[in-house]
Amino acid sequence: MKKHIIANIKMNQTPEESKFYLASIISKASALVDKRLTICLPYTSLNLGKMMLSGTDITLGAQNIAEEEEGLLTGEISGRMLKGCGVKRVIVGHSERRSRFKESGQAINKKIKIALKNGLQVILCVGESLVEKNTLKTVASLTAQIDECLKGLYENELENIIIAYEPVWAIGSGKTASVKDIEYGVKAIRKAVENNFSEKAGKEIEVVYGGSLNGKNIASIYNAEGLNGVLVGGACLDAQAFLRMISKC
Ligand code: 13P
């Protein structure tokens, strides 16, 4: 199976800027043949993404989804709306949303179920805080997040879920986790999935890493054991630099 490269544009790019960005990436599509690239655009660029990415092998992603189907939720975007904008995958439970918007594990669990119900694949983010890492609670933290977020799902739904291991202390900090740290976290994630579902599920679930990836560290991390790819934040924003980075994988 080809590995994932997932770009999280976060709160960047006007539609016009996304247009130039996507055009640069699409023009170099030949560099991507052995990878699965997903670009998670801001909501306001999704429709444009739908038009520009149709007919390419690049998957359109979004960065969040409402936890309810429709109704009195001013400012929220539903699964059906995302689907209507051509979205195939959606990031759920990013640590920026957990901390800044107080998203609970229970809310994330609801979002995952709504996304799956609407035929969207989920990129579920989990990761330990610096305090948890320093007090040797990484495994406990990752296990608790997996238990809470995947509660009540059927094993066959896991084929539509990618878990992104994003240590909170590594996001946007310039502090990348070592390959050893990543392999340790990924193992804990797979074990938690195994405990909730089956040995097969723990083995087969796709896990990617995110957190301060750059052109220097990507190659070694991309090849870390048990990893199915990477989720890139800041370093994906400059299309040319991102393409150079991908070429090292
Ligand atoms: P950075 O690569 O900027 O650390 O962001 C990672 C991230 O949050 C991807 O979702």
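Just so you know, ligand 1 is whichever comes first in the structure, and atom 1 is the first atom listed for that ligand. Both backbone and side-chain heavy atoms feed into the values below; hydrogens, waters and symmetry mates do not. For the single chain, residues carry numbers from 1 onward in sequence order.
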Look at [atom] and say which protein heavy atom is nearest, naming residue and atom and giving the distance to 0.1 Å.
atom                   : answer
atom 5 (O) of ligand 1 : Lys10 NZ, 3.2 Å
atom 3 (O) of ligand 1 : Gly234 N, 2.8 Å
atom 9 (C) of ligand 1 : Glu166 OE2, 2.9 Å
atom 2 (O) of ligand 1 : Gly233 N, 3.0 Å

For this session: Check for a donor-acceptor pair, side chain of Thr143 on one end and backbone N or O of Val139 on the other, with a separation under 3.5 Å.
Result: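 Here the side-chain-to-backbone pair exists.
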Problem set entry | Under 3.5 Å donor-acceptor, Asn118 side chain and Ile114 backbone |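 Indeed, once roles are kept as given, a pair shorter than 3.5 Å links the two residues.
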Would [X] count as a contact of ligand 1 if the rule is a heavy atom under 4.0 Å away?
X      : answer
Ala235 : no
Gly210 : no
Ala170 : yes

Problem set entry | Atom pair CG (Leu37) and CD1 (Ile6), whose distance is rounded to the nearest 0.5 Å | 9.0 Å
Problem set entry | Nearest-0.5 Å distance, NZ of residue Lys151 to NZ of residue Lys110 |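 Rounded to the nearest 0.5 Å, the NZ-NZ separation comes to 13.0 Å.
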Problem set entry | Contact (N/O only, under 3.5 Å) between Asn8 and ligand 1 | yes
Count the heavy atoms belonging to other residues, nucleotides or ligands that lie under 6.0 Å from [atom1] of [X], then report whether that count exceeds 12.
X      : atom1 : result
Arg36  : CZ    : yes
Lys3   : NZ    : yes
Asn223 : CG    : yes

Problem set entry | Per-atom contacts, ligand 1 versus Gly172 - under 4.0 Å to a heavy atom | 1 (P), 3 (O), 4 (O)
For this session: List every atom of ligand 1 that sits less than 4.0 Å from any heavy atom of His94, numbering the atoms from 1 in the order shown and giving each element.
Result: 7 (C), 8 (O), 9 (C), 10 (O)
